[in-house]
Every structure is written in structure tokens, then in C-alpha cells.
Amino acid sequence: MTSKIPCVVLLGPTGAGKTRAALHLACHLPGEVVNFDSRQVYRDFPRITAQPTPEEVAVCPHWLYGFLATDRKLTAGAHVRKCRPIIRGISERGKTPILVGGTGLYLRALLEGLAEVPEIPREVTMLLEQQLVLEGLDALYARLQEADPELAARIHPNDKQRTLRGLEVFEATGKPLSWFHGKQEAASDYRALLLGVQADLHALEPLLARRIDAMLAAGALEEARKAYGRCPDPTAPGWTGIGCAELLAFLESRLTLDEAKTLWLRNTRAYAKRQLTWFRKMPDVVWCGYDDPLLPEKMLDKAKAFLSGL
RNA sequence: GCCGAGGUAGCUCAGUCGGUAGAGCAGGGGACUGAAAAUCCCCGUGUCGGCAGUUCAAUUCUGUCCCUCGGCA
């Protein structure tokens with residue numbers, strides 16, 4: 001049995017200061033930063049998705065930021081497959097992998113693994129999407145109840161996305177998705193210290209508002225304009241990110257800039273709320289306040305104690 | 001000043017042929033196994049603009065006043 005790779009995870013809601021803390025850890029452990037945020041992967045949106053700046057990236061290696069084109073889609077599984085060799089490489093170089101991000105599903109998939117479901121052929125997915133339009137969600141959910149009663153019982157009949165996922169797995173493999181879940185092994189390859197940046201929504205809101213202004217001042221609009229030139233399809237995966245979608249609506253004259261900013265803030269806030277809900281229930285997270293000026297130092301101390309205690 | 005249209009939840013608005021009212025959004029809580037910055041679930045008492053009248057009963061009808069928005073002056 002191979003020993004588990006030690007790593008440090010930095011989690012928390014958007015805009016709470018994870019990037020800054022990660023840089024401090026990376027400099028002093030020493031370590032390298034690996035992204036687990038589903039949006040900071042887009043090449044065309046470095047500012048709007050708050051990726052580390054070129055100056056920050058120059059300080060130490062950063063992985064899985066800004067590598068994906070706007071019309072490409074990343075999935076939890078694909079992200080995990082990219083992450084694993086990178087984390088192993090960092091560890092073999094004698095450094096500590098520092099995982100930073102805000103996408104709860106990606107983190108869980110990485111730490112606990114994901115069921116091994118084969119790739120679903122595009123035709124299967126497209127056919128189901130057509131059937132959704134023709135037959136309605138109720139009919140598809142009823143089919144899921146036949147095909148995978150266990151999964152159907154767990155999801156809500158209105159949950160379009162999960163109903164389609166359950167059906168596409170069954171149609172493509174002949175086996176229920178819940179069967180794949182049951183067969184999954186619980187072993188993890190990593191021994192992770194979970195460090196959380198704690199912030200409540202009320203405190204976070206003004207920071208998020210200021211960050212939007214700062215992004216615009218730093219050329220967010222120009223960034224969106226350029227991205228639009230490269231990928232003018234508003235339904236492309238990269239455009240569905242918060243900030244991107246609102247600025248695109250402004251560029252296409254569907255919103256004024258003020259309306260776009262208001263919506264942007266509102267959506268960012270709602271997103272932060274979902275992140276807080278997700279991370280709150282995670283066990284064994286060591287929390288530090290976002291407003292603690294010594295947060296990077298405290299997190300570094302905890303990381304050092306964790307690594308020396310192994 | 002006159003004519004018209006309105007004033008109902010934090011916002012946008014439904015509605016009650018008279019029996020004290022409900023959607024969307026916002027807000028709060030939650031779920032989450034390859035779209036996850038996604039997808040979805042639960043949570044709705046508010047002088048129904050003020051005052052008076054009619055009525056067993058008015059947010060609903062009538063009068064009047066106030067305010068907002070159009071048009072005409």
C-alpha cells in the first residue's frame with residue numbers, strides 16, 4: 001500500500017482572501033498552488049474570475065488556472081484526472097501541494113473520489129435533451145423512476161439536470177447511476193489539512209461590491225469584449241460564469257452597465273451563500289476569520305504543525 | 001389647473017363579480033457523485049395610500065384628500 005500524499009486545502013467563499021493566503025503558504029512551506037475552482041480555469045477571463053495575477057503566479061508555480069477556451073467545458077471528473085498527476089509531481093519534488101478553490105464538488109471528487117462512470121456519448125445526451133423538450137420533465141423523471149428508483153428517490157422531480165444525468169447513464173451503460181455509486185471505493189490518496197476562510201455574507205457583501213468595481217477598473221469590460229470577439233456564442237460554457245454573463249448582457253445591449261453590476265453583485269452573493277452552505281457541513285475544517293490580518297501567518301502555522309506531525 | 005392611468009410584500013406586479021390576499025425577483029435555511037459560478041427544494045401578516053360613507057362585513061363599491069406617472073395647458 002502506497003502512503004497518502006499530504007496536502008493543504010484552502011477553501012471558503014469567493015472574495016474572502018484565499019488566493020492571498022495560498023501565496024503565503026506556498027512561499028514558506030514551500031509549496032505549489034493547485035486550483036479547484038471551476039471558473040478560474042478559463043483563459044479568456046482572468047480578471048472576471050479573480051485568478052491569481054501574473055505577479056502572484058511569478059512567485060511560485062500555479063496549476064490549472066486559465067488554460068481552457070471559452071467554448072470548452074470542464075467536468076468534475078476531468079478536473080480530478082488533471083489534478084492527480086500534478087499533485088503527485090509536486091509531492092515528488094519535495095513540496096507541499098496547496099489546493100485552493102471554491103468548487104465544493106471538485107474538492108470532494110478529488111479527496112473522496114468519484115464513481116467510475118464511463119464517458120457518455122454525445123448522441124445519448126442530445127437525444128435526451130430533445131426528449132425533454134418534446135415529452136417534458138415529468139415524463140423523463142417517470143422513466144428515471146423505472147430505470148433507477150434509488151436515484152429517483154433521492155432527487156427532486158423538478159431537478160432537470162440530475163434527471164437527465166441519471167437517464168443518460170442508464171441509456172448509455174444499461175446500468176443505473178446508483179449502481180456505479182454503490183460500487184465506488186471510499187479510499188483517498190491524500191491526507192489533507194482543510195483550512196477554511198470564514199466570512200458571513202453580511203460582512204462579505206461590501207467586499208464583493210468593491211471587488212467588482214476593482215475588476216472593472218482593471219479592465220474587466222475590455223476582457224469581456226475581447227472574449228466576445230473570440231467566442232461570440234453566449235451559450236458557450238465559459239460565458240455562463242458570474243460576471244461574464246452580466247457583462248455580455250451589457251455588451252449585447254440587453255442591460256445597462258448599472259443593471260449588469262447590480263446583477264453581478266447579487267449573483268456573486270448568492271453563489272457565496274451556496275458555497276458557505278456546502279463548506280459549512282464539511283467535517284474537520286479548521287476555520288480562520290477572513291478579517292484577521294494574521295490569517296496567512298496563522299494558516300501557515302497550522303499547515304507546518306500538520307506537516308511535521310505526520 | 002384639466003384629462004387619463006396608477007398607488008397591494010424590500011422590488012416588479014397579479015387578484016379579490018364585497019367575506020382581511022399571491023406570484024416572480026430579492027432575503028433566510030437546505031440539498032448536492034462528470035454542466036456545480038450549475039441544478040434544485042423549503043420558508044410569504046402585508047395599516048391592500050389617508051379619511052369618511054354604504055354594508056352584518058370594505059383592500060374590493062361611493063365620496064373626498066394626498067402622492068406618482070403620462071398627455072393637454
Side-chain angles (χ1 to χ4, degrees), chain A residues 13-15 35-42 45 48-51 68 70-83 101-122 124-126 128-129 132 137 140-141 148 150-166 168-169 172-173 176-186 188 200-202 205 208 211-212 215 235-248 259 262-282:
Chain A
T14 186
N35 169 243
F36 70 89
D37 188 291
S38 69
R39 290 290 155 175
Q40 294 186 332
V41 298
Y42 283 104
F45 301 108
I48 301 173
T49 63
Q51 295 172 31
L68 198 66
T70 303
D71 61 354
R72 300 287 300 281
K73 185 153 72 180
L74 185 66
T75 65
H79 181 260
V80 170
R81 282 190 292 275
K82 285 180 190 298
C83 265
T103 304
L105 178 64
Y106 284 16
L107 178 62
R108 183 156 92 192
L110 188 64
L111 295 182
E112 297 172 21
L114 212 52
E116 281 178 43
V117 181
E119 202 73 20
I120 309 298
R122 262 184 67 73
V124 175
T125 309
M126 281 165 59
L128 279 166
E129 274 162 10
L132 175 68
L137 180 56
L140 294 201
Y141 182 77
D148 190 346
E150 193 184 323
L151 178 69
R154 237 179 30 235
I155 69 176
H156 193 276
N158 290 349
D159 197 331
K160 203 188 315 179
Q161 204 171 89
R162 292 188 177 85
T163 299
L164 284 175
R165 171 67 180 158
E168 73 173 16
V169 169
T173 68
L177 179 55
S178 53
W179 178 84
F180 289 99
H181 293 164
K183 172 168 111 80
Q184 181 186 350
E185 288 168 27
S188 172
D200 67 87
L201 271 181
H202 254 72
E205 191 163 0
L208 297 176
R211 190 170 70 159
I212 286 172
M215 284 175 178
T235 64
W239 277 118
T240 58
I242 295 167
C244 306
E246 293 81 356
L247 289 180
L248 181 62
E259 286 167 340
T262 303
L263 243 193
W264 185 354
L265 176 61
R266 188 193 284 169
N267 289 335
T268 307
R269 190 185 188 283
Y271 168 53
K273 179 176 150 71
R274 272 176 272 135
Q275 288 178 303
L276 287 168
T277 299
W278 182 290
F279 291 133
R280 189 150 44 210
K281 67 167 184 188
M282 283 186 76

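Keep in mind it's a predicted model, so treat the numbers as computed, not measured. Below, chain A is the first sequence line, B the second, and so on; all start at residue 1. We use all heavy atoms of the structure for the numbers below, so side chains are in, but hydrogens, waters and symmetry mates are not.
- Atom name C1', nucleotides B:G24 and B:G19: the rounded distance is 28 Å, in whole Å.
- Listed by chain and residue number, A:S178 satisfy the side-chain hydrogen bond (donor to acceptor under 3.5 Å, both in side chains) test with A:D148 (two or more places apart in sequence, or in another chain).
- At the heavy-atom level, A:R274 lies under 4.0 Å from base atoms of the strands shown.
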Could you spell out the base pairing of RNA chain B in dot-bracket, with Watson-Crick or G-U pairs whose two distances are under 3.5 Å, [ ] crossing and | to another strand?
(((((((..((((.....[..)))).(((((.......))))).....(((((..]....)))))))))))).

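- Between the CG atom of A:L107 and the CZ atom of A:F36 there is a distance of 4.5 Å, given to the nearest 0.5 Å.
- Scanning for side chain to side chain contact (heavy atoms under 4.5 Å, CB included) contacts around A:N267 gives A:I242, A:E246, A:L263, with sequence neighbours left out.
- B:G15 and B:U59 have their C1' atoms separated by 10 Å, with the value rounded to a whole Å.
- Nucleotides B:U16 and B:A23 are separated by 15 Å at their P atoms, to the nearest Å.
- Residues satisfying the side-chain hydrogen bond (donor to acceptor under 3.5 Å, both in side chains) criterion with A:T49, sequence neighbours excluded, are A:Q51.
- Within the nucleic acid shown, A:E112 has no heavy atom closer than 4.0 Å to any nucleic acid atom.
- Among the atoms of the strands shown, none is found under 4.0 Å from any heavy atom of A:F180.
- Distance noted for atom P between B:U8 and B:C48: 11 Å (whole Å).
- Against the 90° criterion about 0, the sugar-base torsion of B:G34 places it in the syn range.
- Residue A:L151 is classed as having no contact, given no heavy-atom separation below 4.0 Å to the nucleic acid.
- Comparing A:H156 and A:R39 against RNA chain B, the residue whose closest nucleotide sits nearer the 5' end is A:R39.
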Validation: residues 270-278 of chain A side-chain donor-acceptor distances under 3.5 Å, sequence neighbours left out:
{"from": "A:Y271", "atom 1": "OH", "to": "A:Q275", "atom 2": "NE2", "distance (Å)": "2.7"}
{"from": "A:Q275", "atom 1": "OE1", "to": "A:T14", "atom 2": "N", "distance (Å)": "2.8"}
{"from": "A:Q275", "atom 1": "NE2", "to": "A:G102", "atom 2": "O", "distance (Å)": "3.0"}
{"from": "A:T277", "atom 1": "OG1", "to": "A:K273", "atom 2": "O", "distance (Å)": "3.1"}

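- Every residue meeting the side chain to side chain contact (heavy atoms under 4.5 Å, CB included) condition with A:Q184, not counting sequence neighbours, appears here in chain and number order: A:A115.
- The salt bridge (charged side-chain N to carboxylate O under 4.0 Å, His left out) check on A:D159 picks up A:R162, with sequence neighbours excluded.
- Comparing the P positions of B:U47 and B:G7 gives an interatomic distance of 16 Å, to the nearest angstrom.
- Spacing of C1' atoms, B:U54 relative to B:G63, comes out at 11 Å, to the nearest Å.
- The side chain to side chain contact (heavy atoms under 4.5 Å, CB included) test applied to A:T70 returns A:D44, A:F45, A:C231, A:A236, A:W239, not counting sequence neighbours.
- Remark: A:R269 engages A:E205 in a salt bridge (charged side-chain N to carboxylate O under 4.0 Å, His left out) (not counting sequence neighbours).
- Near RNA chain B, defined here as any heavy-atom distance below 4.0 Å, the residues from residues 72-80 of chain A are A:K73, A:L74, A:T75, A:A76, A:G77, listed numerically.
- Nucleotides B:C3 and B:C25 are separated by 35 Å at their C1' atoms, to the nearest Å.
- Contact of the A:T173 side chain with the A:F180 side chain is registered, since non-hydrogen atoms from C-beta on lie closer than 4.5 Å.
- If you find the closest nucleotide of RNA chain B to A:R108 and to A:G243, the one lying nearer the 5' end belongs to A:R108.
- A:D37 comes within contact range of at least one nucleobase, with a heavy-atom separation under 4.0 Å.
- Along RNA chain B, the stretch of nucleotides lying under 4.0 Å from any heavy atom of chain A spans, 5' to 3', B:C25 to B:C41.
- Residues A:V117 and A:R165 form a side-chain contact, since some pair of their non-hydrogen atoms from C-beta on lies under 4.5 Å apart.
- Within the nucleic acid shown, A:T240 comes within 4.0 Å of sugar-phosphate atoms alone, with no base atom in reach, counting heavy atoms only.
- Rounded to whole Å, the P atom of B:A26 lies 15 Å from the corresponding atom of B:U12.
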All N/O donor-acceptor pairs, side-chain side in residues 72-81 of chain A, below 3.5 Å, sequence neighbours left out:
{"from": "A:T75", "atom 1": "OG1", "to": "A:A78", "atom 2": "N", "distance (Å)": "3.1"}
{"from": "A:H79", "atom 1": "NE2", "to": "A:N35", "atom 2": "O", "distance (Å)": "2.8"}

